[in-house]
Amino acid sequence: MRYTKLQSVVLVILRITIGWHFLYEGGVKILNPHWTAKSYLLDSGGFMKGFFEFIAGSQTLLAISDTANAWGLAFIGLSLIVGLFTRFSSLAAMFLLLLYYLSHPAFPGIQYLFPSDGSYFLINKTLIELFALLVLYAFPTSNMFGLHRLMKNNNSFLA
Amino acid sequence: MAQENQENNSKKISRRDILAGLAALPIVGVIGYGLLRNKAEAEKRNSSLLSDIKPEIQSGIPPLIEGKTLKIGIIGTGGRGGYLMKAMGFVNPDKIDEYTEKGKTDKYWVQYLEDFRAQDNLNIKITAICDVFDKNAEKAITAGANVHRNGKGGNMDDAPKRFTTYKELIASPDVDAVVIATPDHWHVPIALEAARNGKHVYCEKPLSWSVAETYEIRKTVKETGIVFQLGHQGRQTESYNVARSLIKQDVIGKISLIEVCTNRNDPNGAWVYEIAKEANEKTIDWKQFIGQAPWHDFSLERFFRWRCWWDYSTGLSGDLFTHEFDALNQILNLGIPNSAMASGGIYFFKDGRTVPDVLNMAMEYADRDLTLLYSATLASEKNRGKVIMGHDAYLELSDTLIVSVDPQSTRYKEKLKQGIVEPFKPIYSYVPGQGAVDAITSPTEKYFAGRGLLYTYRDGKAVDTTHLHLREWINCIRAGNGAQPSCNIDQAFEEAMTAHMGTISYKEGRRTYWDKEKEVIV
Ligand SMILES: NC(=O)c1ccc[n+]([C@@H]2O[C@H](COP(=O)([O-])OP(=O)(O)OC[C@H]3O[C@@H](n4cnc5c(N)ncnc54)[C@H](O)[C@@H]3O)[C@@H](O)[C@H]2O)c1
């Protein structure tokens, strides 16, 4: 299957904008030594609330999750932008987004301290970004546009 | 797709490939630029806000002074008396079992019990108990014996002795110091008796029920030299001390108005407490409950809900305003106001009470050029917080502390103009246990700080302020060098007189004044 020109351009734009979002979010967190997800985690809701509060309550777990989160975001973002390991990073990104969603699910009846920027029922922007990543996973573009194209042994691991 | 891969593999790398392969790299550069800009701005804000202030933050819990085991007597072992015993390390075994049971479904109680067990042993022994209601006395006796903080069936030590009158308790050689947690009209008579017998006193707030006795207790405590602590545990609240140091450094500018409030909206909050089924004329020494109050026939309502009648109570002013006042007196050394004006009424709880359920008081500090405003209702929970309003910023206080900038500030004029600070937005926050004052930069932090919710979690090691307050008192007793704790008799005198000025103003429907020279309310 070959994409039409329009299809490729659209897919590459999607890949780079999502990558941009991830890299910037990760970068800001890495560069701010005081950043922590603690208050966000404490504000969790839904059936996984206890789990996220447990992480927030433990110094060690919180430190691990903060570091993994910040660097995870940055690497995923970088990978999507430069077009290397994009299938793997799409999966990792979906996993992170799933955690964000589960900590603040858009379930009816849950009130969060941190106000939401719109009105959502089950589906919110986190989930939409997650599905957009699924599109990237299903329609890879790094072998057309990205470092992957330059790799001699063009195997799917690098895709 | 496999086909495409094969095609790519077979090709040599062309110029086109290189372009398409590297075209995205400049985007990384753009984001890098964005990140550095963001960091530089955050640093600019942080350093310019925090560079010129040095908040004083107490580090850790003051160590216990060593010495012999203190023998303590508790007089009045109702709700507060029970709590004070817990803060000293003594809880009824039944209660321990209750915490354990509740912990099975609610983790909060697991932590609660853990915190209690982790609380330092103050090296004291509860040797004596006095309460006029049998049930409360008996509960305190079993709690006093529970030295090892066990549940039922656990190992217990000697039970404290029950005395039927406070005078006998105070006279006992087995008592070095007393904790007084009776209704308000009994505070001074008992404290006087203790001081005259050389026993140290921890007395619950408010200091006094009448104006006259306030002078007497101050005089006696000073003459006898006993160690005296009034039970405003707010003295130990870290955020108050931090507020004090920030204000000293002129972070909020000239203060003109302070607003404090009480907002409650349930029968318990309005002092309509439950009446114990064990209570009757046989189990309660009614005559001793009455004491210096005007005689009234036996009444369970009056015994359990004594705060509703002036006969035993000091009303909203003495019961609840005093906590607010003492916090501010600690932060600002306010002292007694020049004048007080109060109004209010019994607007919601028309249950035969004589004390108002709505009270508003304006206290003027002419020499400080500021007004202290207290506003209370027992029929709405809309909390208005504790706010100290300065020309440059306002400081809001609870367990946490938040300073927000006034748009018309002189001090922050330049920073406002440069966009380093935003009007009405928090610039400093302090959260107990965090150990540092933070300049607030990110929108998330601003949001949480603005709601006083940053880290308000039961975070493992929350220490009970009442424990710290008692500990300070005990340390002073052991030090034996004449040092008095933070809420000493002078602070207590100011607290009581200020509360009385408001109450008299309310009762007489006029403005009351404090004559500083003669130290009288006119
Ligand atoms: N610092 C605080 O945060 C705080 C909190 C609650 C209460 N308090 C203060 O504690 C005091 C007690 O309040 P409470 O809520 O425990 O009331 P309460 O009615 O629950 O307890 C008072 C106890 O004193 C006993 N008593 C009455 N007269 C006595 C006497 N002559 N001798 C011995 N015992 C006597 C009663 O039988 C009762 O057990 C009040 O002055 C109140 O202002 C302070």
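All figures in this text were calculated on a predicted structure; none of them were measured in a lab. Within every chain, numbering begins at 1; the chains are lettered A, B, ... in the order of the sequence lines, protein sequences first and strands thereafter.
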>> Suppose we call two aromatic rings close when their centres sit under 6.0 Å apart. Are A:Phe85 and A:His148 close by that rule?
In response: no

>> Taking the basic N atoms (NZ, or NE/NH1/NH2) and the acidic carboxylate oxygens, is any pair closer than 4.0 Å for B:Glu114 and B:Arg117?
In response: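 Not counted as a salt bridge, because no side-chain N and carboxylate O are separated by less than 4.0 Å.
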
> Using 4.0 Å as the upper bound for N to carboxylate O, is an ion pair formed by A:Lys38 and A:Asp66?
Replying inline: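 Salt bridge: no.
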
>> Between A:Ile16 and chain B, with a heavy-atom cut-off of 4.5 Å, which part of the residue counts as in contact: side chain, backbone, both or neither?
In response: side chain

> Tell me, side chain or backbone of A:Ile30 under 4.5 Å from chain B's heavy atoms, or both, or neither?
Replying inline: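 For A:Ile30, neither part sits under 4.5 Å from chain B.
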
> Given that the side chain runs from C-beta out, which part of B:Ile18 has a heavy atom under 4.5 Å from chain A: side chain, backbone, both or neither?
Replying inline: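 Looking at B:Ile18, backbone and side chain both touch chain A.
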
>> Just by distance, no angles: are the side chains of B:Gln236 and B:His467 close enough, under 3.5 Å, to form a donor-acceptor pair?
In response: no

>> Out of B:Ile27, B:Ile31, B:Val30, return the one with the most heavy atom pairs under 4.5 angstrom to chain A.
In response: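 When all of B:Ile27, B:Ile31, B:Val30 are compared, B:Ile31 has the most.
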
